[in-house]
Amino acid sequence: MEIRKIGVIGAGQMGNGIAHVMALAGYDVLLNDINREALDAAVALISRNLDRQVSRDKISQADKDAAMARIDTTLTLTDLGQTDLVIEAATERETVKQAIFDELGPHLQPHTILTSNTSSISITRLASRTDRPERFMGFHFMNPVPLMQLVELIRGIATDEPTYKACLGVVERLGKTAASAEDFPAFIVNRILVPMINEAVYTLYEGVGNVKSIDESMKLGANHPMGPLELADFIGLDTCLAIMNVLHDGLADTKYRPCPLLVKYVEAGWLGRKSGRGFYDYRGEVPVPTR
Ligand SMILES: CC(=O)CC(=O)SCCNC(=O)CCNC(=O)[C@H](O)C(C)(C)COP(=O)(O)OP(=O)(O)OC[C@H]1O[C@@H](n2cnc3c(N)ncnc32)[C@H](O)[C@@H]1OP(=O)(O)O
Ligand SMILES: NC(=O)C1=CN([C@@H]2O[C@H](COP(=O)(O)OP(=O)(O)OC[C@H]3O[C@@H](n4cnc5c(N)ncnc54)[C@H](OP(=O)(O)O)[C@@H]3O)[C@@H](O)[C@H]2O)C=CC1
């Protein structure tokens with residue numbers, strides 16, 4: 001079965017990046033969100049990010065125009081029933097994802113592959129509540145999608161080989177590298193990365209360092225491209241907390257307990273770059289540490 005048309009659910013930072021790379025690789029994309037502003041903002045951001053690639057001679061203006069022409073948007077989730085592959089990239093909350101699959105399920109074509117870009121939630125559990133656990137899997141991009149080389153592919157217990165091969169084919173057409181991960185909480189990258197971020201928040205909470213010294217230490221002392229708190233703001237503190245909760249619940253080990261300071265920032269609505277404030281305040285000219 002050839003994959004031509006891809007449905008992307010959720011037009012946030014991941015959804016817009018996924019739509020961007022899929023359209024550039026020649027797939028028709030139908031992008032869905034629950035609010036029109038999110039869809040309009042995503043299309044505008046994709047256009048700006050493609051412009052950056054044009055200005056740096058990574059792609060031509062014709063590539064950009066063709067990619068933009070391949071992206072369509074809809075507020076009606078069930079329109080995605082006509083696609084060959086669906087990538088769900090809505091908020092990292094199991095009830096949200098569940099409601100999406102419940103609503104979309106009856107409208108899917110029999111051959112459609114259903115996937116989730118979830119950072120941590122059990123693929124097997126999400127799959128088991130659909131009509132197609134054998135054609136369901138984890139399709140996990142890294143942020144920022146246009147720049148990051150890796151895609152984690154996660155098979156649920158029932159995922160069949162043709163589904164895995166079809167998703168692998170899409171990753172190859174994107175020019176990205178697939179890593180196959182077993183279906184355990186947070187898979188590979190986030191099992192390692194997000195506890196490191198949580199530990200950085202504990203380091204801040206306990207006063208071992210401040211935001212600036214923690215980030216500078218890891219950038220200059222460990223050659224990380226971003227400090228862990230800057231990266232947490234980039235990922236979204238709500239997403240980081242959701243991942244820690246999945247690790248804590250799923251592996252039942254206290255070493256995964258979310259730092260109370262991370263919980264406090266999320267409760268304040270300080271979610272990082274996307275809300276204008278997190279460990280840094282982004283509302284001025286330059287980001288200012290909040291501690
Ligand atoms: C939570 C999860 O489930 C999983 C995850 O994703 S975890 C998060 C994983 N991601 C990371 O760890 C990211 C860590 N950070 C980095 O690697 C780097 O800081 C970064 C790649 C994001 C940016 O690197 P940088 O060198 O500071 O960026 P910058 O100079 O702004 O841009 C680099 C290039 O990409 C381009 N670019 C930046 N953002 C872009 C975008 N969204 N689309 C297209 N091009 C983009 C720039 O135009 C620039 O192009 P040139 O090299 O041709 O000049
Ligand atoms: N941030 C990251 O670095 C990474 C995140 N991921 C995963 O990708 C997914 C999305 O994350 P991210 O893009 O950061 O999150 P964002 O908060 O940026 O975007 C989520 C988008 O989904 C929308 N949404 C919420 N509910 C629905 C729904 N029922 N139907 C359609 N759209 C909906 C939200 O709308 P509204 O704002 O109105 O609620 C928002 O526009 C999560 O599962 C996350 O774990 C994976 C890799 C990296």
Side-chain angles (χ1 to χ4, degrees), residues 7-21 24 31-42 45-59 64 67 73-78 80 86-104 115-121 123 126 138-152 154 179 181 186-194 196-197 215 218-219 223-228 230-246 271-275:
V8 179
I9 304 168
Q13 44 185 351
M14 294 307 290
N16 90 69
I18 295 167
H20 171 142
V21 297
L24 205 49
L31 180 61
N32 159 261
D33 199 284
I34 40 177
N35 80 67
R36 171 51 57 195
E37 294 77 57
L39 287 173
D40 293 344
L45 185 56
I46 294 169
S47 176
R48 284 202 302 279
N49 284 333
L50 286 166
D51 280 339
R52 282 213 249 188
Q53 291 174 296
V54 173
S55 69
R56 286 169 160 87
D57 285 331
K58 298 265 162 70
I59 61 170
K64 181 206 161 172
T73 60
T74 179
L75 286 168
T76 309
L77 176 65
T78 51
L80 273 63
V86 171
I87 303 179
E88 172 279 314
T91 312
E92 185 72 348
R93 210 171 310 131
E94 193 161 338
T95 49
V96 170
K97 296 182 186 301
Q98 180 68 51
I100 287 170
F101 294 134
D102 285 350
E103 186 183 341
L104 179 59
T115 70
S116 175
N117 183 53
T118 176
S119 296
S120 60
I121 299 168
I123 298 302
L126 289 174
F139 206 129
H140 184 213
F141 286 87
M142 305 296 135
N143 186 13
V145 178
L147 297 187
M148 301 299 280
Q149 187 57 31
L150 189 81
V151 179
E152 272 182 303
I154 306 109
F187 324 123
I188 298 175
V189 172
N190 288 333
R191 170 79 176 261
I192 300 167
L193 184 70
V194 182
M196 189 272 293
I197 288 173
D215 275 351
M218 293 307 286
K219 281 197 283 192
N223 263 8
H224 288 197
M226 287 178 171
E230 187 189 356
L231 181 57
D233 277 358
F234 182 63
I235 292 170
L237 302 191
D238 53 339
T239 302
C240 292
L241 177 59
I243 296 168
M244 287 312 298
N245 281 327
V246 167
L271 306 181
R273 278 200 208 182
K274 66 182 169 188
S275 70

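Remember, it's 1-based here, ligands and their atoms both numbered in the order they're listed.
Nearest-residue assignment for atom 22 (C) of ligand 1 (options Pro144, Pro225, Pro146, Gly227; heavy-atom criterion): Pro144.
Using 4.0 Å as the threshold, Val189 has no heavy atom nearer than that to any atom of ligand 1. Ligand 1 is never approached by Met14 to a heavy-atom distance shorter than 4.0 Å.
With respect to atom 5 (C) of ligand 1, the closest heavy atom belonging to the protein is Met142 SD, 3.8 Å. Of all protein heavy atoms, the one lying nearest to atom 11 (C) of ligand 1 is Met148 CE, 3.6 Å. Considering only non-hydrogen protein atoms, atom 36 (C) of ligand 1 sits nearest to Leu147 CD2, 3.8 Å. Regarding atom 52 (O) of ligand 1, its nearest protein heavy-atom neighbour is Lys58 NZ, 3.7 Å. Of the protein's heavy atoms, Arg52 NH1, 3.2 Å lies nearest to atom 38 (C) of ligand 1. In terms of protein heavy-atom proximity, atom 12 (O) of ligand 1 is closest to Leu231 CD1, 3.7 Å. At the top of the distance list for atom 7 (S) of ligand 1, counting protein heavy atoms only, stands Leu193 CD2, 3.4 Å. Closest to atom 9 (C) of ligand 1, if we only count protein heavy atoms, is Asn143 O, 3.4 Å.
Using a 4.5 Å cut-off on side-chain heavy atoms (C-beta onward), Lys97 and Glu92 make contact. Within the 4.5 Å cutoff, the side chain of Ile192 has no heavy atoms near those of the Met196 side chain. Side-chain atoms of Asp238 and Lys274, non-hydrogen and from C-beta on, do get closer than 4.5 Å to each other.
Counting protein heavy atoms under 4.0 angstrom from atom 45 (N) of ligand 1 gives one or more. Distances from atom 48 (O) of ligand 1 to the protein include at least one heavy-atom value under 4.0 Å. Shown here, atom 28 (O) of ligand 1 is out of close reach of the protein: none of its heavy atoms lies under 4.0 Å off. Under the 4.0 angstrom criterion, atom 17 (O) of ligand 1 counts as having a protein heavy-atom contact. Protein heavy atoms are found inside the 4.0 Å sphere centred on atom 3 (O) of ligand 1.
A donor-acceptor pair is defined here as one N or O able to donate and one able to accept, closer than 3.5 Å; no such pair exists between the side chain of Glu94 and the backbone of Val96. A donor-acceptor contact shorter than 3.5 Å is absent between the side chain of Asp215 and the backbone of Met226. Of the possible polar contacts, none joining the Thr73 side chain to the Leu39 backbone as a donor-acceptor pair under 3.5 Å is found. A donor-acceptor pair is defined here as one N or O able to donate and one able to accept, closer than 3.5 Å; no such pair exists between the side chain of Thr91 and the backbone of Arg93. No donor-acceptor distance shorter than 3.5 angstrom exists from the side chain of Asn49 to the backbone of Ile46, with no hydrogens or angles considered. The backbone N or O of Ala11 lies less than 3.5 Å from a partner atom in the side chain of Asp33, making a donor-acceptor pair. Within the 3.5 Å criterion, the main-chain N or O of Ile9 finds no donor-acceptor partner in the side chain of Asn32.
A donor and an acceptor atom, one from each side chain of Glu230 and His224, are nowhere located under 3.5 Å apart. When only modelled atom types and interatomic distance are considered, Asp102 and Gln98 share a side-chain donor-acceptor pair under 3.5 Å.
For the pair Asn190 and Ser119, the tightest heavy-atom approach, listed with the atom from each and the gap, is ND2-O, 3.0 Å.
Only the side chain of Asn190 comes within 4.0 Å of ligand 1, counting heavy atoms alone; its backbone N, CA, C and O stay farther away. In His224, neither the side chain nor the backbone holds a heavy atom less than 4.0 Å from any atom of ligand 1.
Residue Met226 approaches ligand 1 through these ligand atoms, each under 4.0 Å from one of its heavy atoms: 14 (C), 15 (N), 19 (O), 22 (C). Interface of Ile235 with ligand 1, defined as ligand atoms under 4.0 Å from a residue heavy atom, comprises 1 (C), 7 (S).
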Could you tabulate the donor-acceptor pairs under 3.5 Å formed by side-chain atoms of residues 143-150, not counting sequence neighbours?
{"unit_1": "Gln149", "atom_1": "NE2", "unit_2": "Gly175", "atom_2": "O", "d": "2.9"}
{"unit_1": "Gln149", "atom_1": "NE2", "unit_2": "Thr177", "atom_2": "OG1", "d": "3.2"}

Trace of the side-chain contact (heavy atoms from CB on, under 4.5 Å) decision for Ser116 with Ile121: CA-CA 9 Å; Ser116 175; Ile121 299 168; over 6 Å; no
Could you list, one pair per line, each nitrogen or oxygen of ligand 2 together with any protein nitrogen or oxygen closer than 3.5 Å, giving atom names and the distance rounded to 0.1 Å?
{"unit_1": "ligand 2", "atom_1": "1 (N)", "unit_2": "Gln13", "atom_2": "NE2", "d": "3.3"}
{"unit_1": "ligand 2", "atom_1": "1 (N)", "unit_2": "Ile235", "atom_2": "O", "d": "2.8"}
{"unit_1": "ligand 2", "atom_1": "3 (O)", "unit_2": "Asn143", "atom_2": "ND2", "d": "3.1"}
{"unit_1": "ligand 2", "atom_1": "6 (N)", "unit_2": "Ser119", "atom_2": "OG", "d": "3.2"}
{"unit_1": "ligand 2", "atom_1": "8 (O)", "unit_2": "Asn117", "atom_2": "ND2", "d": "2.9"}
{"unit_1": "ligand 2", "atom_1": "13 (O)", "unit_2": "Gln13", "atom_2": "N", "d": "3.3"}
{"unit_1": "ligand 2", "atom_1": "13 (O)", "unit_2": "Met14", "atom_2": "N", "d": "2.9"}
{"unit_1": "ligand 2", "atom_1": "14 (O)", "unit_2": "Gln13", "atom_2": "NE2", "d": "3.2"}
{"unit_1": "ligand 2", "atom_1": "17 (O)", "unit_2": "Lys274", "atom_2": "NZ", "d": "3.1"}
{"unit_1": "ligand 2", "atom_1": "18 (O)", "unit_2": "Gln13", "atom_2": "N", "d": "3.1"}
{"unit_1": "ligand 2", "atom_1": "38 (O)", "unit_2": "Asn35", "atom_2": "ND2", "d": "2.9"}
{"unit_1": "ligand 2", "atom_1": "41 (O)", "unit_2": "Asp33", "atom_2": "OD2", "d": "2.8"}
{"unit_1": "ligand 2", "atom_1": "43 (O)", "unit_2": "Ala90", "atom_2": "O", "d": "3.2"}
{"unit_1": "ligand 2", "atom_1": "43 (O)", "unit_2": "Glu92", "atom_2": "OE1", "d": "2.5"}
{"unit_1": "ligand 2", "atom_1": "43 (O)", "unit_2": "Lys97", "atom_2": "NZ", "d": "2.8"}
{"unit_1": "ligand 2", "atom_1": "45 (O)", "unit_2": "Glu92", "atom_2": "OE1", "d": "2.9"}
{"unit_1": "ligand 2", "atom_1": "45 (O)", "unit_2": "Ser119", "atom_2": "OG", "d": "2.6"}

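Residue Arg56 has at least one N or O atom closer than 3.5 Å to an N or O atom of ligand 1.
Using a 4.0 Å cut-off between a side-chain N of Lys or Arg and a carboxylate O of Asp or Glu, Asp40 and Arg36 qualify as a salt bridge.
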